Amino acid sequence: MKKRLGPVWVMAEQRGCEVETVSLQLLGKARRLADELGVACESVILGHNLGEAARRLIAGGADRVFVGDAPHLALYQSLPYRDILCALVEEHKPEILLLGSTFLGRELAPLAAARLKTGLAAHCTGLRHDKDGNLEQQIPAYGGLMSIVCPNRRPQMATVAKGVFKAAEPDENRKGEIVPVRVPGETELGVRTLEIVQEAPPEIELEEADVVVCGGAGAGSAEGWEIVRELAVALGAALGCTRPVVDEGWAPLDAMIGQSGKMVSPRVYIGVGLSGEQQHMVGVVGAQFMAAVNQDPKSAIFQQVDLGVVEDCRKFLPVLIEKIKAFRKERTFCRPPSVS
Amino acid sequence: MKIVVCVKAVPDPKEICRIRIDPVSKTLTRCEVPLVVNLLDKHALEAALAIKESSGAFVTVLSMGPPPADRIVKECMSLGADRGILLSDRAFAGADAFATAHTLARGIEKAGPFDVIFCGMASSDGATEWVGPQIAAFLDLPVVTMVRKFESRQGDRWLVLADWQNGYRRVEVRLPALFTVTRELNRPRALSFSGILKARSKTIEHWDLSSLGVSADSVGAQGSPTLVTEISPVENRRDAEMLRGTLEEKADQFVSRLAELGIV
Amino acid sequence: MIDFTFTEEQDMFRKAAREFAETRVAPFVPEMEKTGKVPPDLVKALGEAEMMAITIPEQYGGLGLGFVARMIALEEISRISVATGMMLQVLALGIDPIVRFGNEAQKKKYLPGLARGERLATVAVTEPTGGSDPTGGRTVYSKDGTDYVITGRKCFITNSHIADVVTLLAKDENDPKAFSAFIVEKGTPGFKATHEEHKVGMKGCNTGELSLEKCRVPAENLVGREGKGLRVTMSAIGDVGRGGMVGCALGLHTACLEASLKFAKDRILYGKPISVLQTIQNKLAEMKIDLEAGRLLAYRAAAMQDRGEPSSNEFAVAKYFTTETAQKAAKMAVDIHGGYGCMEEYAVSRYLRDAFVLGPSAGTSDIMKVIIARWVLA
């Protein structure tokens, strides 16, 4: 007789009154995985003032949301978050538990996995079920993909970065259950987050950048290069280049990405005015999303990216930059609840 | 103060691009890449040595690895560590982060009492970032990951700043505790000739499975909940979605896609 | 019988030296190329990294390591900057007469400061009339009471303008066959560093002239015995100077090979990297063969020196071989780079310029052959 499978869970995160984008994206994927297994898709969220967040999670695909709401949980606290999450896991025995590869997730996931004595795969770029019904977790490595499974322990845990999966279209009419979770009272903790401080974004190193904008000869001139730089700044991205740019003197050698330059593994790569030569492209490893702007529709770059725009980057970029700035202005910010 | 620093011997990141996946056999190409101290672990060691210099400490370096990792531990002694321990046994091979953390945790317990443990936040060749927190979990210690600054240290109460999204968090910790550190924390000291000479007389302790006193099924591949089932090369080809419309329209669509990715 | 492997400790010295060269020497190279001047911060960095202390005995504040360790350090530093390697090797050359022939008072006075890199040293032998043949020199000394008074001119002296402690060779005014070695300190009245050379290679390494005009030095500055100075300076140059050139040549040779490999793998012609072409492989193989052979000659001689055995002949062989093949390697490296090899931003053009300054330093190749012939015929 087939063993009854547990649900697929997402440990969701909140920021201010909003559910983190990555949590909604994971929920979208979790929904699909749950449907494949014929089980429920559920979510756990901890923090304070979570009413709206819980509803968003249901609209995003959760059948049930476990809510641990208490003032002393408003900021992430590793010990109570771990204790509550693990207690819930032990009670409900999910098949799969996904967390965002966020600062919170990268600390909480291993703590939970160790307590639950289960396996965990980090920064996955793909999740699918293999023929044995195990979750195959895919991770970029050595220029290729590594598949990891956790065959004997449950839940199968994985962390996934923002942008790997797509969130489902929110369905405000979806019905789901909100289950309040008993939160133990505040105790003296061995480790306590006192506050979270926002800073101005720092200088981004190419090899550590989440987003890389890379320019090539198509920038046209030193002035044209400045526009490429503006795009990088507008996106909070690191700026890289190809060899012709270095030869022209628009950028230094240490900005060069390629076989004889830097190897980068950003989540997102945007190549503008470059031809996609192997010497350069081999320096971009495992990017989840790649886009390019080039005026030549037959350019080799378009065989290697997910999104292409055939335009002269000297004309396209200024318009793009303006639209990015305008988009930012329109976004409303939600103030985080003050912690007293 | 007694400090333990966990270090890992990793293939030199400057040469690691030579290791590739063979498209036919689907295994890693064999390559002689020299082992070096994982860079972030150097920052962890520096944190310990800085405390040793300013207020006194006994620094133990612990590593789990194959016999050649011995040199890495010796290098740490040459930098100033007082004691070096290498956990090495065939049985430890094939360990995932869980089994690695378990083995290291048992090694730390055997090494004796400690006040604080420093680990690099990630290794350059595995980069799960899990080992540090899981060691803390197995030793039932409070942990803070991605520490970028020690703001204050009063006895056993420390205040630290740790990386967080677009900023940092301020965390209060009571020792004993484990910290994983970032590159921002400090500047690791350079290996010096006189340091190498001073370490001449120091020996490295080698502990195998039996001297560690753990069961074979709790370490190595046997003790790993996860396993790698396949590695496959990835071709660079992607199916590009070509945007259509006027320049303005394409720019709008581009921005939408960027928004979906969470970049704007 | 023969063990050609380095010890674990020697490997660690190499690692430390390489890290030092890559992080603390490399940033100075562009400035040195541009100005031709020795950056004071570079000298400071060398001092902090204990590079001047390598061959100074421990009881005088040094590391008490031998010439194999010194060779390793020079190799690694020269791989990044031959100019720096050259400066460092001559600093050790300047220290050697004091270590080997100095009396206790001289060692106590000079070595600790030299070990810390607070004071710098050199040896001054060469003159316009006495290069390959130092006995042709015209710098003379006379005795005045217990002092010596020296007049003359030295040229092509490395570290001429930065050295604080100069071991200098001069001829007895009254006996052209008697030479003595003296320590002359910077600032001594009548002693001046005058003309600075602008070398085409090893830029940033200071080479220049020293002038002595009735320069008075006290008796305690005599190194070794009066009249026996030739031995003092020539054994320093023969062992330490020659050995230093070998280290510089090996480092440069390694750099040439590495740069050639990188370029050959990157440069695509007809759809493939040029490293697949036989003409390129031929050059790479030659460079490799010469480097392997050079390293064996180098470390054999240095190991003999560390055991206290006479080694100047073996160093002559190594000096000839490594400096000649380094020049060949630099030319091959430039050839492999094609047109790029002539461009300043590509390091290989610098390697070529640095390479041929290796030749005449510490004895020309022709003189090396004279020495080796003498050895063979003896």
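In what follows, every chain begins at residue 1, and chains take the letters A, B, ... in the order their sequences are listed. The structure presented is a predicted model; accordingly, all values stated were derived computationally and were not measured.
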* Structure fact -> Scored by heavy-atom pairs under 4.5 Å with chain A, the best of B/Val171, B/Leu227, B/Asp239 is B/Leu227
* To do: Name the member of A/Ile270, A/Val319, A/Leu320, A/Asp130 that forms the most heavy-atom pairs with chain B at distances under 4.5 Å.
  => A/Leu320
* Asked: Got more than 12 heavy atoms from elsewhere within 6.0 Å of CG, B/Asp140?
  -> no
* Look at A/Leu79, A/Val309, A/Val149, A/Asn134 and state which one has the largest set of heavy-atom pairs under 4.5 Å with chain B. => A/Val149
* Which pair of heavy atoms, one from B/Thr145 and one from B/Pro133, lies closest together, and at what distance? -> CG2-CG, 3.8 Å
* Is the CZ atom of A/Arg192 crowded by more than 12 outside heavy atoms at less than 6.0 Å? -> no
* To do: Give, as side chain, backbone, both or neither, the part of A/Ser78 having an atom under 4.5 angstrom from any heavy atom of chain B.
  => side chain
* Contact winner vs chain B - A/Arg115, A/Glu188, A/Arg82, heavy-atom pairs under 4.5 Å -> A/Glu188
* Structure fact -> From the list A/Glu311, A/Gln138, A/His123, A/Arg153, the residue making the most non-hydrogen contacts under 4.5 Å with chain B is A/Glu311
* To do: Start with the C-alpha gap between A/Phe103 and A/Tyr76, add the side-chain angles, then the distance that decides, and say whether ring pair (Phe, Tyr, Trp, His ring centres under 6.0 Å) holds.
  => CA-CA 10 Å; A/Phe103 288 88; A/Tyr76 161 71; over 10 Å; no
* To do: With a 4.5 angstrom heavy-atom cut-off, could you sort out which part of B/Tyr168 is near chain A: side chain, backbone, both or neither?
  => both
* Which one, A/Ala234, A/Gly308, A/Ala167, leads in non-hydrogen pairs under 4.5 Å with chain B? -> A/Gly308
* More than 12 heavy atoms of other groups within 6.0 Å of B/Lys2 NZ -> no
* To do: Determine which pairs satisfy salt bridge (charged side-chain N to carboxylate O under 4.0 Å, His left out) with at least one residue from residues 281-308 of chain A, sequence neighbours left out, and list them in order.
  => A/Asp306-B/Arg238
* Structure fact -> Answer key: most heavy-atom pairs under 4.5 Å with chain A among B/Leu159, B/Val143, B/Val144 is B/Val143
* Looking at A/Thr21, A/Ile301, A/Leu104, which has the largest count of heavy-atom pairs under 4.5 Å with chain B? -> A/Leu104
* To do: Go through the atoms of B/Arg157 and report whether side chain, backbone, both or neither lie under 4.5 Å from a heavy atom of chain A.
  => side chain
* **Part of B/Leu175 within contact of chain A (heavy atom distance under 4.5 Å)** => neither
